Trainee: 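I'd like to ask some things about the structure below.
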Amino acid sequence: MTTRPEARVEVRSPGRVNLIGDHTDYTGGLVLPMAIDRYTTLIGTSGGNRVRLRSDAEPDPVDLPLHLDDPSTVTPHWGRYVAGVVAEVAPSSGLEGAVHTTIPVGAGLSSSAALETAVALALGVGGDARTVAELCRRAEIRASGVPCGIMDQLSIAAGVDGHALLIDCQSLEIAVVPVPDDLDVVVWFVTHRTLVGSAYADRVAECAAAEREIGPLRLASIGDTASIGDELVRARARHVVTENERVRAFAAALAADDRRELGRLMLEGHRSLATRFATSTPTMDDAVAHLASQPGVHGARMTGGGFGGCVVALAEPGSIAPADDRWIVRPVGGAARIS
Ligand code: GLA
């Protein structure tokens with residue numbers, strides 16, 4: 001990894017939506033996200049010995065030294081994600097600039113990972129998408145204390161125009177799958193997320209407990225989960241094992257443009273998140289049922305960490321009209337330094 005100080009800096013970093021494969025990444029499983037045409041842009045100047053950023057989405061600016069140990073105590077709160085990256089990079093020169101975003105914050109479309117990636121690239125972090133994503137994942141964990149997986153940062157760093165990314169979160173290998181131009185990817189921001197901190201960490205711990213009994217979930221079959229003693233841990237494991245299978249089937253159905261099957265898998269995946277993994281809420285369940293009942297909609301599911309956030313649906317073009325809280329998104333290329 002290298003840092004390359006330059007005068008003017010401009011970086012554009014997309015958000016992401018996950019089509020299927022939730023709560024699989026931190027067990028090295030499969031996910032199928034895409035970077036979306038909602039962006040965090042950072043424009044500034046490199047140099048100096050502080051990182052100073054303001055954001056049009058936040059009242060207070062961030063002002064940080066180049067060396068810091070504990071990003072999780074930084075104020076204002078949004079500065080923790082910037083601080084996490086600064087702590088990981090330990091840059092030799094600073095940055096001053098402004099952040100603008102069209103990614104709704106707290107919606108589960110990875111606004112924090114987009115910000116981390118933008119800051120990393122602006123600070124001159126080089127290397128391939130995996131290197132950038134791994135650094136930003138460490139930054140997120142240091143900033144938030146949430147033991148997240150690699151999906152958000154890697155889909156943002158590695159996005160490919162017109163394609164979803166089939167990511168193996170163990171090997172970090174990525175296979176691209178075209179998303180048909182005449183298929184609408186609808187994202188509906190239903191509620192702000194709640195409870196994510198402790199509940200997410202509980203799920204990670206429950207999956208680790210399952211793995212202590214039956215080994216890596218990414219290699220397990222549904223039959224293997226039968227021997228797990230604790231009922232709740234068994235249910236969590238069953239979600240992960242079946243979700244990995246759904247991701248494989250979904251990638252094949254997307255490549256074959258089998259829209260009926262895509263919809264079926266989305267609804268089955270949502271049920272698994274709601275019942276076995278308990279990361280949905282009644283409001284999210286209602287939103288999925290409502291979208292899925294609309295003419296032209298193939299299927300819908302909650303997307304991302306859960307406990308609120310967004311629902312994603314696949315629909316025939318024009319079936320769902322865009323609104324303030326509902327967008328048709330396109331798969332786009334990953335985060336990039338424009339200058
Ligand atoms: C959050 C995390 C990801 C992933 C999803 C659930 O977005 O940051 O690593 O675990 O939840 O799939």
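When a ligand or atom number is given, it counts from 1 through the structure's own listing order. On a predicted model such as this, the values are computed, not experimentally measured, just so you know.
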Trainee: Would you mind checking which non-hydrogen protein atom is closest to atom 12 (O) of ligand 1, with the distance to 0.1 Å?
Mentor: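 For this ligand atom, the closest protein heavy atom is D22 OD1, 2.6 Å.
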
Trainee: Report the C-alpha distance between L166 and F250 in whole Å, list the side-chain angles of each, state the deciding distance to 0.1 Å, and finish with yes or no for side-chain contact (heavy atoms from CB on, under 4.5 Å).
Mentor: CA-CA 10 Å; L166 172 59; F250 191 97; over 6 Å; no

Trainee: Output the list of atoms in ligand 1 that are nearer than 4.0 Å to some heavy atom of H23, sorted by atom number.
Mentor: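 The list of qualifying atoms is 6 (C), 12 (O).
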
Trainee: Treating R234 as the side-chain partner and G229 as the backbone partner, does any N or O pair qualify as donor plus acceptor under 3.5 Å?
Mentor: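 Pair found, side chain donor or acceptor close to backbone of G229.
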
Trainee: Does any donor atom in the side chain of R16 or S110 lie under 3.5 Å from an acceptor atom in the other side chain?
Mentor: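 S110 and R16 do have a side-chain donor-acceptor pair below 3.5 Å.
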
Trainee: Any carboxylate oxygen within less than 4.0 angstrom of a Lys/Arg side-chain nitrogen, looking at E243 and R246?
Mentor: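 Salt bridge flag = yes for R246 with E243.
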
Trainee: Should you measure from each heavy atom of Y26, which atoms of ligand 1 turn up under 4.0 Å away?
Mentor: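 Those atoms are 10 (O).
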
Trainee: What protein heavy atom lies closest to atom 7 (O) of ligand 1? Include the residue and the distance to one decimal.
Mentor: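 Among all protein heavy atoms, the one nearest atom 7 (O) of ligand 1 is D152 OD2, 2.9 Å.
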
Trainee: Does the distance from a Lys or Arg side-chain N to an Asp or Glu carboxylate O, for R264 and E268, drop under 4.0 Å?
Mentor: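 Salt bridge present between R264 and E268.
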
Trainee: Which atoms from ligand 1 have a heavy atom of G304 less than 4.0 Å away?
Mentor: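 Listed by number with element: 6 (C), 11 (O).
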
Trainee: Is N18 close to ligand 1, meaning an N/O of one under 3.5 Å from an N/O of the other?
Mentor: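 N18 vs ligand 1: no N/O contact under 3.5 Å.
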
Trainee: How far is atom 10 (O) of ligand 1 from the closest protein heavy atom, and which atom is that?
Mentor: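 So the nearest neighbour among protein heavy atoms is Y200 OH, 2.5 Å.
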
Trainee: Has ligand 1 got any nitrogen or oxygen that is less than 3.5 angstrom from a nitrogen or oxygen of I150?
Mentor: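 For ligand 1, there is no N or O atom that lies under 3.5 Å from one belonging to I150.
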
Trainee: Are any of the side-chain nitrogens in D22 or R301 under 4.0 Å away from the carboxylate oxygens of its partner?
Mentor: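 Yes, this pair counts.
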
Trainee: Nearest to atom 5 (C) of ligand 1, what protein heavy atom do you find, and at what distance?
Mentor: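 Protein heavy atom at minimum distance: M151 CE, 3.8 Å.
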
Trainee: Measure the acute angle between the ring planes of H290 and W188, then classify it against the limits of 30° and 60° as parallel, tilted or perpendicular.
Mentor: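 The rings of H290 and W188 stand perpendicular, inter-plane angle above 60°.
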
Trainee: Which heavy atom of the protein is the closest neighbour of atom 9 (O) of ligand 1, given with residue, atom name and distance?
Mentor: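 Checked against all protein heavy atoms, atom 9 (O) of ligand 1 sits closest to D25 OD2, 2.6 Å.
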
Trainee: May I ask you to decide whether D257 forms a salt bridge with R259, counting only side-chain N to carboxylate O separations under 4.0 Å?
Mentor: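 Salt bridge present between D257 and R259.
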
Trainee: Does any N/O atom on R16 come nearer than 3.5 Å to any N/O atom on ligand 1?
Mentor: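 For ligand 1, there is an N or O atom that lies under 3.5 Å from one belonging to R16.
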
Trainee: Considering G306, G149, G305 one by one, which has a heavy atom nearer to atom 11 (O) of ligand 1 than any of the others?
Mentor: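 Among G306, G149, G305, the closest heavy atom to atom 11 (O) of ligand 1 belongs to G305.
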
